[in-house]
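In what follows, a structure is listed as structure tokens, so that the remarks can point back to it.
Sequential numbering from 1 along the given sequence is applied to the chain's residues.
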Amino acid sequence: ECLVGSEMCIRDRVEDSSGGDGGDDTVPRWADLEDGHTFNVGDRFSDYGKTYEVLRQFFKADSYRPPALIGDFYQLAE
């Protein structure tokens, strides 16, 4: 929850030392998935407080992370 007034809502930018992202707890976190993990159309994952929905199949690689492939392989989930 965010407070109104002089305090800012920073919930979406919170990270923990384990690479956590503060995102949706019902979907897997990008940091917790192994390289080579297969993402299928309709899958969701979170990274740095944002939840993404997969548009086409791809495999996780350590050479990129969201939002590198946004609009092509995944989009922000609504």
Side-chain angles (χ1 to χ4, degrees):
E1 241 178 81
C2 299
L3 300 174
V4 264
S6 63
E7 293 192 27
M8 296 181 358
C9 177
I10 58 170
R11 179 180 58 100
D12 289 345
R13 297 189 182 270
V14 173
E15 273 188 75
D16 64 31
S17 61
S18 65
D21 61 22
D24 185 339
D25 290 341
T26 64
V27 297
R29 296 179 334 151
W30 179 269
D32 292 341
L33 298 168
E34 305 231 350
D35 283 347
H37 174 84
T38 301
F39 290 95
N40 294 300
V41 174
D43 286 352
R44 289 180 173 225
F45 64 92
S46 66
D47 192 42
Y48 289 103
K50 297 186 184 315
T51 299
Y52 299 91
E53 183 174 357
V54 176
L55 300 172
R56 64 182 191 171
Q57 188 179 59
F58 73 99
F59 302 95
K60 181 185 176 196
D62 67 354
S63 59
Y64 60 82
R65 71 178 305 142
L69 304 175
I70 198 163
D72 193 16
F73 287 90
Y74 47 80
Q75 65 186 4
L76 281 172
E78 295 184 12

Which atom of Pro66 lies closest to which atom of Asp47, heavy atoms considered: CD-OD2, 3.5 Å
Tyr64 with Leu76, same ILVMFWY side-chain cluster at under 4.5 Å: yes
ILVMFWY network linking Tyr52 to Leu55, side-chain heavy atoms under 4.5 angstrom: no
Short side-chain to backbone donor-acceptor contact, Lys60 and Trp30, under 3.5 Å: yes
Minimal non-hydrogen separation, Gln57 against Val41, with atom names: N-CG2, 4.1 Å
Joint cluster assignment, Phe58 & Ile70, ILVMFWY side-chain distance < 4.5 Å: yes
Sole residue of Phe73, Phe45, Phe59, Tyr74 in side chain to side chain contact (heavy atoms under 4.5 Å, CB included) with Phe39: Phe45
Over all atoms of both residues, closest heavy-atom pair of Ala61 and Asp35: C-OD1, 3.8 Å
Separation between CD of Glu53 and CZ of Arg44, rounded to the nearest 0.5 Å: 4.5 Å
Least distance between heavy atoms, Leu33 atom then Pro28 atom: CD2-CB, 3.9 Å
Under 3.5 Å: donor-acceptor pair, side chain of Asp43, backbone of Asn40: yes
